[in-house]
A.B. asks: 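Mind looking over this structure? Questions follow.
Keep in mind it's a predicted model, so treat the numbers as computed, not measured. Note: hydrogens, waters and symmetry copies are ignored here, and every other heavy atom, side chains too, is used. So you know, we letter chains A, B, ... as the sequences are listed, proteins then strands, and number each from 1.
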2 protein chains.
Amino acid sequence: MQITSRFTIAIHILTCIDYFKDERRVTSEFLAGSVNANAVIIRGVLSQLRAAGIVSTRQGSGGAAITRALNEISLYDIYKAVDCIDENGLFGFHANPNTDCPIGRNIHKAMDKHLTNIQNSMENELKKIYLSDVVEDTIKQIQAENG
Amino acid sequence: MQITSRFTIAIHILTCIDYFKDERRVTSEFLAGSVNANAVIIRGVLSQLRAAGIVSTRQGSGGAAITRALNEISLYDIYKAVDCIDENGLFGFHANPNTDCPIGRNIHKAMDKHLTNIQNSMENELKKIYLSDVVEDTIKQIQAENG
DNA sequence: AAACTTGTAAAGGTATTTATTACAACTTTG
DNA sequence: CAAAGTTGTAATAAATACCTTTACAAGTTT
């Protein structure tokens with residue numbers, strides 16, 4: 001299993017929007033070209049980012065823009081926006097353990113606390129990384145390939 | 001997306017094996033009853049745990065046993081045994097970004113380092129929790145429901 | 001009005017996961 | 001040694017989740 005690629009697509013999109021913002025209108029079609037995915041996928045991700053207040057889009061005229069400073073958007077914000085994982089839902093539980101068995105009846109509660117802590121620690125790491133970090137690293141990569 | 005339920009099934013199984021070890025022979029059929037899953041699924045998980053040296057099983061006579069002390073088996077050991085997630089594979093990348101675009105060509109490398117760190121920090125948390133912790137908590141839950 | 005773009009629903013396809021069936025190999029017991 | 005019970009594993013089917021594509025209404029610009 002993997003965290004949905006919508007998350008890395010979202011980071012890709014946001015990096016593109018910032019990179020090309022002064023150069024051209026960044027439409028879903030253009031972004032689809034860079035990501036190499038269908039434009040409807042891109043529009044779906046943009047929809048989620050818009051609902052989270054991270055980007056603005058305009059019908060008709062087209063083009064997406066980032067609404068906040070890059071160092072005010074954490075990877076956690078993006079992760080939450082594209083709805084990667086339910087609250088406490090990182091670890092899948094098997095449905096309907098047998099309640100006639102003392103273990104089946106209680107194991108879920110016993111595991112929950114620990115697994116929630118693990119998920120929280122992962123999400124806390126996401127909060128420490130900002131879109132600005134990724135954009136800077138991407139630009140370094142681009143400069144490295146030219147020099 | 002979620003981490004496969006084989007992980008929580010494995011913890012459930014191991015807790016059962018320990019809990020019932022002095023009382024009865026713990027067969028895959030019995031475990032399937034507690035988990036409420038098909039016995040073949042249980043045998044598959046037991047196979048993986050056996051390959052990792054966490055349990056031993058016996059053909060014919062039947063029954064599974066844990067090979068180490070519970071406080072020497074971390075949730076990370078179990079997580080690795082049941083092959084939840086590939087190395088650096090927690091976050092799914094969209095395949096084939098457009099290499100004609102400077103962002104498409106470089107974003108992957110720029111994200112990789114950060115996402116690997118996040119996955120590592122999650123896995124390090126798994127190393128801090130032992131099967132003994134989960135078993136103790138489960139027994140506390142059982143005692144609480146009786147008293 | 002024409003051309004272009006976003007927003008979203010709906011249908012189709014693909015991949016992954018889980019469940020089931022089947023049976024060979026092994027162990028114990030009478 | 002035969003019968004009963006169990007593990008180990010392959011193969012197939014079913015269910016679920018995910019991604020892609022088609023279609024079109026609604027908005028904007030020229």
A.B. asks: Strictly below 4.0 Å: does A:Thr57 bring a side-chain N or O up to OP1 or OP2 of C:dT5?
C.D. replies: no
A.B. asks: Contact between A:Phe20 and B:Cys101 at the side-chain level, heavy atoms closer than 4.5 Å - yes or no?
C.D. replies: yes
A.B. asks: Separation of B:Ile17 atom CD1 from D:dT7 atom C1', in whole Å?
C.D. replies: 13 Å
A.B. asks: Name the atoms and distances for all side-chain donor-acceptor pairs under 3.5 Å in residues 34-42 of chain A, with sequence neighbours left out.
C.D. replies:
unit_1, atom_1, unit_2, atom_2, d
A:Ser34, OG, A:His12, NE2, 2.8
A:Asn36, ND2, B:Asn96, O, 2.7
A:Asn38, OD1, A:Val40, N, 2.8

A.B. asks: Could you state the atom-to-atom distance from CG of A:Leu46 to C1' of C:dG7 in whole Å?
C.D. replies: 11 Å
A.B. asks: Without decimals, in angstroms, what is the distance between B:Arg25 CZ and C:dC26 C1'?
C.D. replies: 13 Å
A.B. asks: Run the side-chain donor-acceptor check on residues 48-56 of chain A: report pairs under 3.5 Å with partners two or more places apart or on a different chain.
C.D. replies:
unit_1, atom_1, unit_2, atom_2, d
A:Gln48, OE1, A:Arg6, NH1, 3.0
A:Arg50, NE, A:Thr57, OG1, 3.0
A:Arg50, NH2, A:Ser47, OG, 2.8

A.B. asks: Please round to the nearest 0.5 Å and tell me the distance separating atom OG of A:Ser121 and atom CE of B:Met122.
C.D. replies: 8.0 Å
A.B. asks: Contacts to DNA chain C from residues 27-39 of chain A, heavy-atom cutoff under 4.0 Å, which residues?
C.D. replies: A:Thr27, A:Ser28
A.B. asks: B:Glu125 versus B:Asn120: any side-chain heavy-atom pair under 4.5 Å?
C.D. replies: no
A.B. asks: Please examine the side chains of A:Asp112 and A:Phe93, heavy atoms only from C-beta on, and report whether any two atoms are closer than 4.5 Å.
C.D. replies: yes
A.B. asks: Mind checking whether A:Asp137 and B:Asn106 have side chains closer than 4.5 Å, heavy atoms only?
C.D. replies: no
A.B. asks: Do nucleotides 9-15 of chain D as a string where each nucleotide becomes B, S or -: B if the base has a protein heavy atom under 4.0 Å, S if just the sugar-phosphate does, - if no protein is that close.
C.D. replies: BB-----
A.B. asks: Is there a side-chain contact between B:Ile118 and A:Ile129 in this structure, where contact means two heavy atoms from C-beta onward sitting under 4.5 Å apart?
C.D. replies: yes
A.B. asks: Can you measure A:Arg6 atom CZ to D:dC19 atom P for me and round it to whole angstrom units?
C.D. replies: 7 Å
A.B. asks: How many whole angstroms separate atom CD1 of A:Ile13 from atom C1' of C:dT6?
C.D. replies: 14 Å
A.B. asks: Taking only side-chain N and O atoms of A:His94, does any of them lie within less than 4.0 angstrom of OP1 or OP2 on C:dA19?
C.D. replies: yes
A.B. asks: By side-chain hydrogen bond (donor to acceptor under 3.5 Å, both in side chains), which residues pair with B:Lys140, not counting sequence neighbours?
C.D. replies: none
A.B. asks: Salt bridge or not between B:Lys21 and B:Asp18? Use side-chain N to carboxylate O under 4.0 Å.
C.D. replies: yes
A.B. asks: When you compare the protein's N or O atoms with those of nucleotides 26-30 of chain D, which come within less than 3.5 Å of each other, and at what distance?
C.D. replies:
unit_1, atom_1, unit_2, atom_2, d
D:dG27, O4', A:Gln59, OE1, 2.9
D:dG27, N2, A:Gly60, O, 3.3
D:dT28, O4', A:Gln59, O, 3.4
D:dT29, OP1, A:Arg58, NH1, 3.3
D:dT29, OP1, A:Arg58, NH2, 3.2

A.B. asks: Against the six-membered ring of A:Phe30, is A:Arg24 placed for a cation-pi contact (under 6.0 Å from the centre, within 45° of the normal)?
C.D. replies: yes
A.B. asks: Rounded to the nearest Å, what distance is computed from the CD1 atom of residue A:Ile41 to the P atom of nucleotide C:dA11?
C.D. replies: 17 Å
A.B. asks: If I take atom CD1 in residue A:Ile42 and atom C1' in nucleotide C:dT5, what distance separates them, rounded to the nearest angstrom?
C.D. replies: 15 Å
A.B. asks: Please state how far atom CD in A:Gln48 lies from atom P in C:dT6, giving the value in whole angstrom units.
C.D. replies: 16 Å
